[in-house]
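Below: the structure, in structure tokens.
Keep in mind it's a predicted model, so treat the numbers as computed, not measured. Just follow the structure's listing: the first ligand is 1, and inside any ligand the first atom is 1.
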Amino acid sequence: MTNMNKKIKPLIWVILWCTLGVNAQEFDILIKNGHVLDAKNGIDKVIDIAIKGDAIAKVGSNISKNSAGTVIDAEGLYVSPGLIDIHSHNFHGTEPNAYLSNSFTALPPDGFSFRAGVTTLVDAGGAGWRNFQLFKDQVIDRSKTRVLSFINIVGSGMKGGALEQNLFDMDAKLTAMVAKQNKAHVVGVKLAHYSGFDWTPTEKAVEAGKLADIPVMIDFGGSQPELSLETLFMEKLRPGDIFTHAYAHVNGRMPIVGDDGKVADFAREAQKKGIIFDVGHGGGSFLFAQAVPAMKQGFKPNTISTDLHTGSMNAGMKDITNIMSKFLNMNMPVSEVIATTTWNSAKAIKREDLGHLTEGAVADITLLNLREGDFGFIDTQRKRMKGDKKFECELTIRAGKVVYDLNGLAVGDWDN
Ligand SMILES: [Zn+2]
């Protein structure tokens with residue numbers, strides 16, 4: 001009996017220690033006291049979020065500090081699903097004079113995503129069916145950022161100049177085939193920069209979208225004379241198709257806000273029909289002269305995106321939090337601004353597994369600081385709008401790992 005006790009007692013202690021030890025580390029990361037904004041689940045309040053592995057394990061009030069290995073105090077911060085940028089350019093490479101397709105104007109994802117709170121980037125047309133595999137090998141598979149793609153209807157992708165005008169390289173069947181073969185990464189079809197007075201490219205892009213059951217994103221304009229936006233919205237595009245550069249005013253494309261200062265009726269009807277109006281700020285496609293009157297008249301974007309490339313990142317665009325801040329200062333409520341870069345974006349690309357903080361969902365999370373002060377914002381005509389609110393990315397979590405931490409919220413002090 002005594003011998004038995006000698007053998008069993010230590011065993012019981014080991015079992016107890018293991019059980020308690022596991023309980024003490026029930027979660028890997030706990031985000032406490034942050035103001036959570038989750039449009040899908042209708043959450044707009046202070047609540048805690050616990051992460052285990054790469055997933056959200058628990059959303060609830062007063063989750064114990066002792067339950068997690070790392071505790072992040074998010075008091076005073078907004079906690080958002082990881083931001084989704086549905087219009088970006090990331091097919092970077094070294095091919096000379098190839099614009100946004102395996103060339104220098106496109107940017108490597110991880111260098112620009114996490115510091116702006118972005119966990120998912122959607123490359124908008126860099127690759128076509130001919131070079132999608134290269135894009136996957138070179139960028140998608142090498143990035144910590146989740147990189148998705150609108151595949152270009154032009155087989156050789158967004159190489160600029162004459163190549164993007166080649167109607168014979170726009171093949172709906174082959175584009176849809178590569179899209180379906182890469183369902184995990186291809187979320188839509190892109191048409192951009194076509195300058196002919198001709199609906200054929202639009203029709204081919206929509207045909208590819210129908211064949212692969214994915215939306216089309218249209219960067220429209222440049223044709224002389226102009227093609228009608230009303231025809232585009234009401235006759236060519238389907239509900240769920242995406243009109244990017246919503247607040248642009250460029251040659252070859254009629255603006256949403258006309259010379260009379262009013263939002264065109266056909267734009268409102270198109271949004272009602274289900275056309276997604278995407279910001280796609282870029283280096284030439286966002287004017288306060290369009291956005292301010294449109295917002296005053298209640299014409300809001302469905303999604304906010306950057307059109308990130310070397311020509312926009314150091315100009316008025318900067319990053320997605322800067323564009324979100326522009327809309328905050330045009331009196332769009334915080335919860336709506338966050339929805340346009342999370343849940344609305346996920347729905348637009350038919351990736352409803354993303355853009356929310358449901359228990360069991362992937363732990364892509366962004367902590368944002370809403371600063372107050374005197375700020376200035378620049379549009380693509382180098383005009384300034386002053387404002388008193390500005391989002392700053394504090395911390396980004398991608399698949400349960402802290403990948404950006406501006407002020408060291410997730411680490412201990414050096415002298416402790
Ligand atoms: Zn673009």
Side-chain angles (χ1 to χ4, degrees), residues 83-93 98-109 112-113 116 118 120-128 131-132 135 139 145 147-154 156-161 163-165 170 186-195 201-202 205 209 215-223 232 237 241-253 276-287 290-291 301-320 322-323 340-341 345 348-349 379-380:
L83 306 183
I84 301 169
D85 184 354
I86 69 164
H87 185 159
S88 182
H89 292 284
N90 303 97
F91 190 179
H92 68 111
Y99 193 35
L100 293 163
S101 187
N102 191 30
S103 197
F104 308 106
T105 310
L107 293 161
F112 299 86
S113 54
V118 172
T120 300
L121 282 172
V122 190
D123 180 83
N131 56 1
F132 182 80
F135 177 52
V139 178
T145 311
V147 180
L148 304 173
S149 162
F150 283 99
I151 191 168
N152 206 309
I153 188 63
V154 180
S156 53
M158 199 173 279
K159 290 198 185 294
L163 288 171
E164 287 189 74
Q165 308 303 319
M170 298 181 191
V186 177
V187 295
V189 178
K190 179 80 189 281
L191 169 66
H193 310 149
Y194 187 73
S195 61
T202 307
V216 166
M217 177 186 271
I218 302 275
D219 168 351
F220 197 69
S223 98
L232 175 73
L237 298 185
D241 286 335
I242 301 158
F243 178 66
T244 193
H245 305 319
Y247 303 101
H249 191 176
V250 291
N251 285 336
R253 200 205 89 183
I276 306 295
F277 283 76
D278 175 55
V279 171
H281 188 301
S285 304
F286 180 89
L287 275 67
Q290 286 287 310
N302 298 90
T303 53
I304 290 178
S305 68
T306 59
D307 192 6
L308 173 74
H309 50 70
T310 59
S312 64
M313 55 172 277
N314 292 323
M317 190 284 284
K318 296 181 177 66
D319 67 24
I320 201 164
N322 190 56
I323 308 172
T340 62
T341 52
S345 318
I349 57 171
D379 73 5
T380 54

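Less than 2.8 Å away from the Zn ion (ligand 1), the protein contributes these N/O/S atoms: His87 NE2, His89 NE2, Asp307 OD1.
Remark: the Asp278 side chain and the Ser305 side chain contain an N/O donor-acceptor pair separated by less than 3.5 Å.
For the side-chain contact (heavy atoms from CB on, under 4.5 Å) criterion with His87, the lone passing option out of Thr303, Thr244, Ile242, Thr306 is Thr244.
The closest donor-acceptor contact from the side chain of Gln165 to the backbone of Gly160 lies at 3.5 Å or more, if one exists at all.
Note that CG of Asn251 and OG of Ser223 are 11.0 Å apart. Values are rounded to the nearest 0.5 Å.
Aromatic pair His245/His281: ring centres not closer than 6.0 Å.
With sequence neighbours left out, the salt bridge (Lys or Arg N to Asp or Glu O under 4.0 Å) criterion links Lys318 to no other residue.
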